[in-house]
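Comments concern the structure below.
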Amino acid sequence: MEIFAHHAQVTLTMLAMTAGVFGLLALLVKRRAIGAALARVHGEFATNLGLLLFNLVLLGPLFAVPEGLIRDQLVALPALGAFWSGINELAVLFCAILVYDFVVYWRHRAEHHRLLWPIHATHHADTALHWLSVHRKHPLSKLLSVLVDIWLLFLLGFPEWAIAGAAFLRSWWGFFIHADVPWTLGIFGKILISPAAHRLHHIRDEALMGSNFGNTVTLWDRLFGTYVDPAPYLDCETGIAEGTRGFLGELGRPFERRYRIGVGASAVEPRPAPPAGT
């Protein structure tokens, strides 16, 4: 319980710091339009904050149990630990980020299958995308990420500092790519998932929604044919056909009749990247 309390304190402290950073970013980018932007986002922001606190405070201990079991059961080969200790620390961190993003890519892509879409739809429901949209997650979706995302890093024997570093960078990048800014990051956007690339993933057009599944790097989307250049879709409309919900509505969303298999359950399958120049 003490571990969970510490984790909750760290998370809330980080959230407060993040709010300050992205609040300042909003002021710099929106300027005189900041009032209209706040008015547009405040309802969904409240829903997202509610989901974050619900997952953290009420369900956090439940999440900690499977995560701890996974960590205890996964025993890497001793040779792997020795392998990473003999490599430059920056290279180890870089590899950890790539492996982490590989697992996240496939978990995220799986959530767009009709069987898992009901628990993932909540994350796509924001019509006013903003930095806290990264935490618009149904508890079942959050639990899935806890069970899946980090296991391969432990299995491959990465040192805990590298796992923690990759998780920290992924978390901050997750906030950044959900921010309401039309940034493609120029040449860096060829390598890194940009806010514009991830906004395209949240586009209201469900065909295009099946693209850009990566969290940090574009590598896996490019290798597996799901990367789409966001340049033609800047400031695209976001959301899903089922519409947005309040806090309680999002908790109940996966159990709505529309999501039952055989009753027209939605699914957003990956879309092949268009040929270059189109």
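- Contact annotation: the side chain of Ile34 never approaches that of Val29 to less than 4.5 Å [non-hydrogen atoms, C-beta and beyond].
- Legend: residues meeting ring-ring contact (aromatic ring centres under 6.0 Å, His included) with Phe176, ordered by chain and number and at least two apart, are Trp173.
- Pairing each heavy atom of Pro118 with each of Pro254, the nearest pair is O-CG, 3.4 Å.
- With sequence neighbours left out, Trp106 forms a side chain to side chain contact (heavy atoms under 4.5 Å, CB included) with Phe102, Arg109, Phe224.
- Under the side chain to side chain donor-acceptor pair (under 3.5 Å) criterion, Thr127 pairs with Glu44, not counting sequence neighbours.
- Taking each heavy atom of Ala162 and Val92 in turn, the nearest pair found is CB-CG1, 3.9 Å.
- With rounding to the nearest 0.5 angstrom, the CD1 atom of Ile87 is 6.5 Å from the SG atom of Cys95.
- The only member of Thr122, Leu51, Leu56, Asn55 that meets side-chain contact (heavy atoms from CB on, under 4.5 Å) when paired with Lys142 is Asn55.
- Partners of Arg136 by side chain to side chain donor-acceptor pair (under 3.5 Å), not counting sequence neighbours, listed by chain and number: Asn48, Asp126, Thr244, Glu250.
- Every pair tested for side-chain hydrogen bond (donor to acceptor under 3.5 Å, both in side chains) that includes a residue from residues 83-95 fails, sequence neighbours excluded, so the list is empty.
- Residues Tyr100 and Thr216 have side chains that never bring a donor and an acceptor to within less than 3.5 angstrom of each other.
- Minimum heavy-atom separation, Pro195 to Ala179: CB-O, 4.2 Å.
- Under the side chain to side chain contact (heavy atoms under 4.5 Å, CB included) criterion, Phe255 pairs with His138, Leu140, not counting sequence neighbours.
- Between Phe45 and Trp131, some side-chain heavy-atom pair lies under the 4.5 Å cut-off.
- Side-chain contact between Tyr259 and Glu242 is present, with at least one heavy-atom pair separated by less than 4.5 Å.
- Contact check for Val103 versus Val148: side-chain heavy atoms found under the 4.5 Å cut-off.
- Within the structure, salt bridge (Lys or Arg N to Asp or Glu O under 4.0 Å) pairs that include any residue of residues 187-203 comprise Asp180-Arg199 (at least two apart or interchain).
- At least one donor-acceptor pair under 3.5 Å links the side chain of Trp220 to the backbone N or O of Leu98.
- Note on Leu49 and Met17: separate hydrophobic clusters, where clusters join Ile, Leu, Val, Met, Phe, Trp and Tyr whose side-chain heavy atoms are under 4.5 Å apart, directly or indirectly.
- Considering only residues two or more places apart in sequence or on other chains, Arg222 meets the side chain to side chain donor-acceptor pair (under 3.5 Å) condition with Thr218.
- Partners of His201 by ring-ring contact (aromatic ring centres under 6.0 Å, His included), not counting sequence neighbours, listed by chain and number: His108, His112, His124, His198, Phe213.
- Under the 4.5 Å side-chain heavy-atom criterion for grouping Ile, Leu, Val, Met, Phe, Trp and Tyr, Leu129 is not connected to Val228 through any hydrophobic cluster.
- Ring pair His120/His113: centre-to-centre distance not below 6.0 Å.
- Between Leu234 and Leu200, the closest side-chain pair of non-hydrogen atoms is not below 4.5 Å.
- Thr18 has its side chain within reach of Trp172: a pair of non-hydrogen atoms, C-beta onward, lies under 4.5 Å apart.
- No donor-acceptor pair closer than 3.5 Å links the side chain of His130 to the backbone N or O of His42.
- The two residues Ser141 and Glu111 come nearest to each other via the heavy atoms OG-OE2, 2.8 Å.
- Asp101 places no side-chain N or O within 3.5 Å of a backbone atom of Ile97 that could act as its donor or acceptor partner.
- Across all non-hydrogen atoms, the minimal contact from Ala241 to Arg204 is CA-NH2, 3.2 Å.
- Leu90 is not connected to Leu153 by any chain of hydrophobic side-chain contacts under 4.5 Å among Ile, Leu, Val, Met, Phe, Trp and Tyr, and they are in different clusters.
- Put simply, the side chain of Phe158 does not reach to within 4.5 Å of the side chain of Phe154, judged on heavy atoms.
- Residues passing the salt bridge (Lys or Arg N to Asp or Glu O under 4.0 Å) test with Glu256 are Arg245, Arg258, sequence neighbours excluded.
- Residues satisfying the side chain to side chain donor-acceptor pair (under 3.5 Å) test with His135, not counting sequence neighbours, are none.
- Hydrophobic cluster membership for Leu28: Leu24 (Ile, Leu, Val, Met, Phe, Trp, Tyr linked by side-chain heavy atoms under 4.5 Å, directly or transitively).
- Two residues are said to be in side-chain contact when any heavy atoms from C-beta on lie closer than 4.5 Å; Trp161 and Leu93 meet this criterion.
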